[in-house]
Amino acid sequence: MFFKKYGDIVVGLFFMAVSAIMIIMAKMLPKSTVMDIGPDFMPTVIGAVTFLLAAILLVLNVKNMKMRVMDAKAEAAEDCDYKRVLSSAVLILIYVFILKPVGFIVSTLLYLPLQMLVLAPEVGRTKKSLIQLLIVDVVFTMVVFFLFRYGFKIVLPAGIFTINL
């Protein structure tokens with residue numbers, strides 16, 4: 001019941017604190033002598049965006065607190081889908097451990113469709129949706145790879161395949 005009423009407020013405060021710590025720690029990284037953009041750039045951007053989104057979540061939920069309390073009292077407690085949560089956590093751990101030895105492209109091409117299948121509703125799994133899922137997987141992986149390689153000049157783990165694109 002507590003989480004139903006105040007869950008989004010707690011999550012908003014938590015992510016505001018985490019993102020503030022992330023920004024502070026990013027500023028402690030050594031400055032780059034080669035480029036204007038140093039290693040602190042991306043963590044600072046991600047921290048700022050996370051802080052902004054968490055602040056919006058917090059403000060909107062404080063604003064609608066009265067309505068949320070009434071909704072929480074009216075609804076029965078919903079069951080959490082622990083199977084999906086556990087499956088997602090296991091997939092993330094596997095992805096993290098295989099990223100460096102296998103490489104970004106291969107590990108991401110394996111991880112994304114599995115994660116999307118875990119999170120997708122079971123009623124919507126058709127042949128067409130699976131094909132769309134695989135297309136999104138390949139396009140997203142390649143866009144991120146080329147964005148980091150040529151946009152940010154950051155080389156992602158090559159792993160078992162050395163790619164000279």
Side-chain angles (χ1 to χ4, degrees), residues 1-100 104-105 107-121 124 133 136-137 139-157:
M1 185 67 126
F2 173 82
F3 198 74
K4 199 88 161 139
K5 289 181 188 177
Y6 306 108
D8 286 340
I9 294 172
V10 172
V11 169
L13 289 170
F14 173 77
F15 277 103
M16 286 176 72
V18 167
S19 59
I21 291 168
M22 185 176 178
I23 292 169
I24 292 168
M25 293 183 76
K27 295 300 178 189
M28 293 180 189
L29 291 171
K31 300 295 178 198
S32 174
T33 58
V34 179
M35 299 174 55
D36 291 337
I37 296 176
D40 66 328
F41 176 72
M42 277 312 290
T44 303
V45 170
I46 293 170
V49 170
T50 304
F51 189 88
L52 179 67
L53 293 174
I56 291 170
L57 178 69
L58 182 68
V59 168
L60 290 176
N61 280 283
V62 168
K63 183 179 172 183
N64 298 325
M65 177 67 110
K66 192 173 188 178
M67 183 177 66
R68 292 187 59 77
V69 170
M70 286 194 273
D71 286 345
K73 289 179 182 177
E75 292 180 17
E78 293 180 23
D79 291 333
C80 182
D81 194 353
Y82 293 107
K83 183 180 175 186
R84 287 182 190 221
V85 172
L86 184 61
S87 299
S88 290
V90 168
L91 282 172
I92 290 169
L93 284 173
I94 292 170
Y95 178 71
V96 167
F97 285 114
I98 69 168
L99 181 64
K100 190 170 184 177
F104 174 79
I105 292 177
S107 59
T108 305
L109 285 173
L110 293 173
Y111 166 74
L112 278 180
L114 293 173
Q115 185 65 57
M116 287 189 260
L117 281 174
V118 166
L119 297 176
L133 183 137
V136 167
D137 176 34
V139 169
F140 176 78
T141 301
M142 291 300 133
V143 165
V144 169
F145 177 78
F146 286 114
L147 178 68
F148 273 78
R149 169 71 55 96
Y150 298 109
F152 300 136
K153 305 277 192 260
I154 297 172
V155 179
L156 296 171

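Between the CD1 atom of Ile23 and the CD1 atom of Ile46 there is a distance of 10.5 Å, given to the nearest 0.5 Å. Summarising the geometry, atom CG belonging to Leu133 is positioned 5.5 Å from atom CG belonging to Leu117; distances are rounded to the nearest 0.5 Å. Between the CZ atom of Phe41 and the CZ atom of Phe152 there is a distance of 6.5 Å, given to the nearest 0.5 Å. Gln115 contributes atom CD, which lies 5.5 Å from atom CD1 of Ile92 (distance to the nearest 0.5 angstrom). If you take OG on Ser19 and CZ on Phe14, they are separated by 10.0 Å, rounding to the nearest 0.5 Å. Summarising the geometry, atom CG belonging to Leu13 is positioned 5.0 Å from atom CG belonging to Leu58; distances are rounded to the nearest 0.5 Å.
The shortest heavy-atom contact between Arg84 and Leu119 is NH1-O, 3.2 Å. Listed here is the closest heavy atom pair of Val11 and Leu57: CG1-CD2, 4.3 Å. Counting all heavy atoms, side chain and backbone alike, Pro39 lies closest to Pro30 at CG-O, 3.2 Å. In this structure, Pro43 and Met22 approach most closely via the heavy-atom pair O-CE, 3.6 Å.
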CA sep, side-chain torsions, deciding dist, call: Phe51, Val18, side-chain contact (heavy atoms from CB on, under 4.5 Å): CA-CA 8 Å; Phe51 189 88; Val18 167; over 6 Å; no
Test side-chain contact (heavy atoms from CB on, under 4.5 Å) applied to Leu53 and Phe15, step by step: CA-CA 9 Å; Leu53 293 174; Phe15 277 103; over 6 Å; no
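The local environment of CE in Met42 is crowded, with over 12 non-hydrogen atoms from other residues, nucleotides or ligands closer than 6.0 Å.
Only one option out of Leu91, Ile94, Asp137 pairs with Leu114 in a side chain to side chain contact (heavy atoms under 4.5 Å, CB included); it is Leu91.
For residues 38-60, every residue pair satisfying the side chain to side chain donor-acceptor pair (under 3.5 Å) rule, not counting sequence neighbours, is listed here: Lys31-Asp40.
Tyr111 has its side chain out of reach of Leu99: every pair of non-hydrogen atoms, C-beta onward, lies at least 4.5 Å apart. Using a 4.5 Å heavy-atom threshold, the side chains of Thr108 and Val144 count as separate.
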